[in-house]
Peer 1: 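Before I ask anything, here is the structure I am working with.
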Amino acid sequence: MNEKFLKPYNPQDTEQKIYKLWEESGFFNPDICVEKGITKADAPAFTIVMPPPNVTGQLHMGHAMMLTVQDIMIRYKRMLGFKTLWLPGTDHAAIATQSKVEKDILKTEGKNRNDLGREEMLRRINEFAKESHDTIASQIRAMGASCDWSREAFTLDEKRSLSVNTVFKKMYEDGLIYRGHRIVNWDPKGQTTIADDEIVYVEEKTKFYYFKYGPFTIGTSRPETKFGDKYVVMHPNDARYSAYKHGQKLTVEWINGPIEATIIKDDCIDMAFGTGVMTITPWHSTVDFEIAERHKLDREQIIDKYGKLLPIAGEAFAGLKIKDARDKIVATLEAKGLVEKIEDYTHNIATAERTGGTIEPQIMNQWFIAVNKEFTLPYSNISGIPSGSKTTLKELMRKTVAEKQIKIIPEYFDKTYFHWIDNLRDWCISRQIWYGHRIPVWYKKEQFADKYVDIKAPTDGNNWVQDEDTLDTWFSSGLWTFSTLGWPEETPDLKTFHPTDVLETGYDILFFWVARMILMTGYVLGEIPFKTVYLNGIVRDAKGQKFSKSLGNGIDPLDVAREFGADAGRMALIYSTAPGTDSKISNDKIKGYKHFANKLWNITRFVLTNTEGVTIDTSFSPWSEKDKTLIEERDALVKEVTKEFDEHMLHISAEKIYQYVWTRFADVILEESKKIFAEGNENDIISRKQFLLQTLESNLKLMHPFMPFVTEEIWQNIGKTNLLMTEKWPS
RNA sequence: GCGCCUUUAGCUCAGUUGGUUAGAGCAACUCAUUUACACUGAGAAGGUCGGGGGUUCGAAUCCCUCAAGGCGCACCA
């Protein structure tokens, strides 16, 4: 017996060494597994494409969770003999990364992005992204992730950029990408647009003002937008205002003197809210914009990109910031006797997820993806949408899940998913930041109207200027399952590994990412990107709080690995954690599984000490009666654990093995064996020794996906010449 | 406003399609022992499964309803 077993198990001495052993074996790569005869050439594929962590710093426990779940699935399938691919990568995360670097530069050098210029800024961001990437890659390794590093991808690398431009061009030619003046979410702080789902609503206590507007009283929480309000809107059936006709004009006294107001009747008005009358500001409100669209009304910009009032507001107000302008306007109206009353009011203000800036809706010339526009899908493998039929992107997203071609775990997230799709509007994909895929559109310098859309810049010698904007980061991550496999090239990887099998991620990016991958893959390939979506919950601290920098409660997965071992961290994350449910993690919990790793270690020591001179004999048959029963029990366990794995109930698998190993195998069977070895007859002793050896191996195999390091380390020290990682799963 | 989830032992949570006496970890309690392992073992204790109603031979599980907590979406001018 190796003397190692005389001391307690020490993860620090073990984990790095074991990871190196795996990585150097090459068996993270399915091609090498086939080449070396580990996997059959015609074995079915099992693929997971890793959700690429943002290159914004380092990984946290949420990443540790996703890495754990995926590695467990991958190791299980690899042992079952599948051609198993886990493809790792990182995400450039456009706004998140740029704003992080901008913040750092502002802090240390007092400079902003314009001081540095596009080129220098990008250089600095790339430098930061590179560092981040290296940190992240080493953290992924420390977790024991058995992913194929030879296929590693980055959303902004050359191959992925080619995919992005190719898809952009295709969508543009199909009329699904268009540029237009539409109302968008403008973040004055980040100086960029953001998508609807990048908005975070924050509750704010504010005032609600009632102003006299000619014969009407209108309510508003935003007086600063009211300068251009020359339309007054009411419900067509509102009896209180039946005297006023649609289109009727009247002169009313307003902020900067009398203006001509036009009556508009529209049934989107809630008669019960306020006075049932409102004025509209189409340039700065989504709802107002839609009213203006319906009735073809004028729009005027009141607030500029920096959140300041424009000259249209009149001399007294132009140039003021929103906050300063508000009180001044109210004072002006007050002086004119136009303020009827002011009430306290709570509403949700829209803020940008990444910068915290307050969103100002603005009409801007931006690029959009039309989600409701019909197009022809030439080839389709999506149930309910035959090849060559007309469909919409929204329908692609809906059908795949509704027809159960994509299964979401837990199932109840279907409803959330449909709810989101049904409320979905055109997706604004252009961003006014520098880090990301620059929009592959070129304009003739002289005639801005002349557009050239292609994968590469035009080379006809004319003065072409590329669009300044970059693409929403989710555009490139939407292509992730197939861009990572080499598309647009028709690679063998694409044929073998796509559609992928499981997409595992946190439920918090179901819309951001999962839905968009379904959209993009459906559109580009006429395929689903994955068969199963496994959603994990949010990992919280012992008190149930989200981990955050401001709370300072973050746990670094590397610290966990150092203190307790990555195996213990993995078990703590998976144990008692059902899919889709938030979980709490604490050092106490992790400690319990460190003890378990040591238990396995000592079980091995016991078995080795008591079976010296005995080797495994798989054809052994003179089992004692007692051991026959134990074998049945063990076989039943293997069956159950396997079944739970196949149904993605990893937490239950983990629990069953853990219980068996500790409370049955160690506490009962080993104790009983001591007696047999001391007093039993010869056959019982031989039978028991054989049973212990065989069951030890079976336990190690069953435990391997969960605790790969300690199980592999044991395997390497009980006289094995191969890797446990590529052993066959017991049956 | 629309929708989703949660409520099970002191704490943290499992409990797949309804089926014996509802489980685990941690904590606490009693005891044992230098043992394969103190990163230990044995034992005991702890629950009207949020409340109420219903379906059923049978409900933590299905249905209705109420309550508390959490979350998502939309948004009110």
Side-chain angles (χ1 to χ4, degrees), chain A residues 1 5-10 196-197 199 201 208-210 218-222 225-226 229 232-234 268-270 272-281 285-288 291 345-350 409-425 507-508 510-511 537-538 540 542-544 564-565 568 571-572 575-610 640 643-644 647-649 651-652 654-656 658-659 662-663 666-668 670-671 673-674 692:
Chain A
M1 185 182 66
F5 290 111
L6 299 177
K7 279 188 251 158
Y9 172 62
N10 185 344
D196 289 345
D197 44 12
I199 290 176
Y201 287 95
F208 194 77
Y209 306 88
Y210 288 90
I218 58 153
T220 182
S221 61
R222 303 207 50 197
T225 64
K226 293 286 133 191
D229 288 10
V232 56
V233 191
M234 58 212 72
C268 77
I269 298 293
D270 177 0
F273 187 87
T275 57
V277 181
M278 69 173 188
T279 58
I280 58 167
T281 315
S285 152
T286 313
V287 175
D288 296 2
I291 295 172
Y345 182 62
T346 310
H347 82 149
N348 295 323
I349 56 163
I409 300 173
E411 214 173 330
Y412 57 73
F413 272 101
D414 281 12
K415 288 177 194 161
T416 316
Y417 178 82
F418 291 137
H419 188 245
W420 178 79
I421 289 179
D422 293 341
N423 284 308
L424 188 65
R425 301 177 209 221
Y507 65 73
D508 48 335
L510 181 61
F511 311 136
I538 294 170
R540 298 167 183 275
K543 291 178 199 152
F564 305 102
M571 272 298 268
Y575 206 92
S576 276
T577 308
T581 328
D582 292 358
S583 58
K584 298 191 176 87
I585 193 95
S586 60
N587 283 355
D588 273 349
K589 189 174 180 187
I590 302 168
K591 198 164 66 183
Y593 300 103
K594 186 187 179 194
H595 295 179
F596 182 64
N598 195 51
K599 193 76 188 176
L600 274 174
W601 192 252
N602 280 298
I603 285 171
T604 309
R605 175 174 161 186
F606 178 89
V607 173
L608 293 182
T609 322
N610 287 285
E640 278 180 55
K643 179 174 160 272
E644 302 300 353
E647 289 171 6
H648 304 289
M649 295 303 213
H651 60 299
I652 298 179
E655 204 173 310
K656 285 188 170 163
Y658 177 96
Q659 288 305 321
W662 200 315
T663 64
D667 290 348
V668 178
L670 293 194
E671 289 304 322
S673 302
K674 290 178 189 171
L692 291 185

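Both backbone and side-chain heavy atoms feed into the values below; hydrogens, waters and symmetry mates do not. Note on naming: letters A, B, ... go to the chains in the order of the sequence lines (proteins, then strands), and numbering restarts at 1 for each one.
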Peer 1: Could you state the atom-to-atom distance from CD1 of A/Ile590 to C1' of B/C26 in whole Å?
Peer 2: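 Whole-Å distance recorded here is 13 Å.
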Peer 1: Holding to side-chain hydrogen bond (donor to acceptor under 3.5 Å, both in side chains), I want the full list of residues that pass it with A/Asn610, two or more places apart in sequence or in another chain.
Peer 2: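 Partners of A/Asn610 by the side-chain hydrogen bond (donor to acceptor under 3.5 Å, both in side chains) criterion come out as none, since no residue qualifies.
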Peer 1: Relative to the 5' end of RNA chain B, which residue comes earlier, A/Trp420 or A/Asp588, by the nucleotide with the nearest heavy atom?
Peer 2: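 Result of the comparison: A/Asp588.
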Peer 1: Report the residue (A/Tyr412 or A/Tyr593) whose heavy-atom-nearest nucleotide on RNA chain B is the more 5′ of the two.
Peer 2: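 On the 5' side of the pair lies A/Tyr412.
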Peer 1: Calculate the interatomic distance between A/Leu670 atom CG and B/U40 atom C1'; express it in whole Å.
Peer 2: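 In whole Å, B/U40 C1' and A/Leu670 CG are 13 Å from each other.
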Peer 1: Within the 4.0 Å heavy-atom criterion, would you say A/Thr609 contacts the bases, only the backbone, or no part of the nucleic acid?
Peer 2: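 Since no nucleic acid heavy atom lies under 4.0 Å of A/Thr609, the category is nothing.
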Peer 1: Think A/Trp662 has a side-chain N or O under 4.0 angstrom from the OP1 or OP2 of B/G41?
Peer 2: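 The answer is yes; a side-chain N or O of A/Trp662 sits under 4.0 Å from OP1 or OP2.
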Peer 1: Please enumerate all residues that pass salt bridge (charged side-chain N to carboxylate O under 4.0 Å, His left out) together with A/Lys643, with sequence neighbours excluded.
Peer 2: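 For A/Lys643 there are no salt bridge (charged side-chain N to carboxylate O under 4.0 Å, His left out) partners, ignoring immediate neighbours.
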Peer 1: Polar atoms only, N or O, under 3.5 Å: list the protein pairs with nucleotides 64-68 of chain B and their distances.
Peer 2:
none

Peer 1: Which residues pass the side chain to side chain contact (heavy atoms under 4.5 Å, CB included) test with A/Arg605, not counting sequence neighbours?
Peer 2: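 If we apply the side chain to side chain contact (heavy atoms under 4.5 Å, CB included) test to A/Arg605, skipping adjacent residues, the hits are A/Met1, A/Phe5, A/Leu6, A/Asn602, A/Thr609.
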Peer 1: Heavy-atom distance under 4.5 Å between the side chains of A/His595 and A/Trp662, does that happen here?
Peer 2: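 They are in side-chain contact.
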Peer 1: With A/Tyr201, which residues qualify under side chain to side chain contact (heavy atoms under 4.5 Å, CB included), at least two apart?
Peer 2: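 Once residues adjacent in sequence are excluded, the partners of A/Tyr201 under the side chain to side chain contact (heavy atoms under 4.5 Å, CB included) criterion are A/Ile199, A/Asn348, A/Ala350.
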Peer 1: Atom CD of residue position A/Glu411 - does it have more than 12 heavy atoms of other residues, nucleotides or ligands inside 6.0 Å?
Peer 2: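 Open.
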Peer 1: May I ask you to say what A/Gly592 touches in the nucleic acid, namely base, sugar-phosphate or nothing, with a heavy-atom cut-off under 4.0 Å?
Peer 2: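 Counting heavy atoms under 4.0 Å across all strands, no contact is made by A/Gly592.
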Peer 1: Under the rule for side chain to side chain contact (heavy atoms under 4.5 Å, CB included), what residues qualify as partners of A/Thr281, not counting sequence neighbours?
Peer 2: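 A/Thr281 satisfies side chain to side chain contact (heavy atoms under 4.5 Å, CB included) with A/Thr225, A/Lys226, A/Asp229, A/His284, A/Asp288, A/Ile302 once adjacent residues are dropped.
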Peer 1: Between B/U7 and B/A60, how many Å separate the two P atoms, rounded to a whole number?
Peer 2: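 So the two P atoms sit 14 Å from each other.
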Peer 1: Heavy atom of residues 594-605 of chain A under 4.0 Å from RNA chain B: which residues?
Peer 2: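 Going residue by residue through residues 594-605 of chain A, the ones with a heavy atom under 4.0 Å of RNA chain B turn out to be A/Lys594, A/His595, A/Asn598, A/Lys599, A/Asn602, A/Ile603, A/Arg605.
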Peer 1: Taking salt bridge (charged side-chain N to carboxylate O under 4.0 Å, His left out) as the definition, give me every residue that meets it alongside A/Lys656, ordered by chain and number, with sequence neighbours left out.
Peer 2: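 With sequence neighbours excluded, A/Lys656 shows a salt bridge (charged side-chain N to carboxylate O under 4.0 Å, His left out) to A/Glu640, A/Glu644, given in chain and number order.
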Peer 1: Give one of base, sugar-phosphate or nothing for A/Arg425, where a contact means two heavy atoms less than 4.0 Å apart.
Peer 2: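 Sugar-phosphate contact only - A/Arg425 comes under 4.0 Å of backbone atoms but never of a base.
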Peer 1: Describe the nucleic acid contact of A/Thr281 in one word from base, sugar-phosphate, nothing, applying a heavy-atom distance below 4.0 Å.
Peer 2: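 No contact.
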Peer 1: Expressed as a whole number of Å, how far does the P atom of B/U12 sit from that of B/G54?
Peer 2: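 32 Å, rounded to whole Å.
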Peer 1: According to side chain to side chain contact (heavy atoms under 4.5 Å, CB included), who are the partners of A/Ala572, at least two apart in sequence or on a separate chain?
Peer 2: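 So A/Ala572 forms a side chain to side chain contact (heavy atoms under 4.5 Å, CB included) with A/Ile585, A/Lys589, A/Ile590, A/Tyr593.
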Peer 1: Figure out the CZ/C1' separation between A/Phe413 and B/C73, and round it to whole Å.
Peer 2: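 Going from CZ in A/Phe413 over to C1' in B/C73 covers 13 Å.
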Peer 1: What's A/Asn348 touching, base or sugar-phosphate or nothing? Going by heavy atoms closer than 4.0 Å.
Peer 2: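 The answer is base, as A/Asn348 lies within the cut-off (heavy atoms under 4.0 Å) of a base atom.
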Peer 1: Could you list the donor-acceptor pairs under 3.5 angstrom formed by side chains in residues 413-423 of chain A, with sequence neighbours left out?
Peer 2:
residue  : atom : partner  : partner atom : Å
A/Asp414 : OD2  : A/Lys404 : NZ           : 3.3
A/Tyr417 : OH   : A/Met397 : O            : 2.8
A/Asp422 : OD1  : A/Arg398 : NE           : 3.2
A/Asp422 : OD1  : A/Arg398 : NH2          : 3.3
A/Asp422 : OD2  : A/Arg398 : NH2          : 2.9
A/Asn423 : ND2  : A/His419 : O            : 3.0

Peer 1: Just checking A/Ile218: base, sugar-phosphate only, or nothing, at a heavy-atom cut-off of under 4.0 Å?
Peer 2: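 A/Ile218: no heavy atom of the nucleic acid under 4.0 Å.
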Peer 1: C1' atom, B/C5 versus B/A44: distance in rounded Å?
Peer 2: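 Per the computed distance, 37 Å lies between those C1' atoms.
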Peer 1: Give the stems involving RNA chain B, where a stem is 3 or more consecutive Watson-Crick or G-U wobble pairs (i with j, i+1 with j-1, and so on) under 3.5 Å.
Peer 2: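 As far as RNA chain B goes, consecutive pairing (with distances under 3.5 Å) yields the stems B:1-7 with B:67-73, B:10-13 with B:23-26, B:29-32 with B:40-43, B:50-54 with B:62-66.
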Peer 1: Nearest to the A/Pro8 side chain among B/C39, B/G41, B/C73, which nucleotide is it?
Peer 2: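 Selected nucleotide (nearest to the side chain): B/C39.
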Peer 1: What does nucleotides 8-17 of chain B look like as a protein-contact string, B for base, S for sugar-phosphate only, - for none, at under 4.0 angstrom between heavy atoms?
Peer 2: ----SSSSB-
Peer 1: Give a yes/no answer on whether the side chain of A/Tyr201 brings an N or O atom under 4.0 Å of OP1 or OP2 in B/C73.
Peer 2: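 Looking at the OP1 and OP2 atoms of B/C73, neither is under 4.0 Å from any side-chain N or O of A/Tyr201.
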Peer 1: Choosing from B/C37, B/C4, B/U40, which nucleotide comes nearest the side chain of A/Lys415?
Peer 2: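 The listed nucleotide nearest to A/Lys415's side chain is B/C4.
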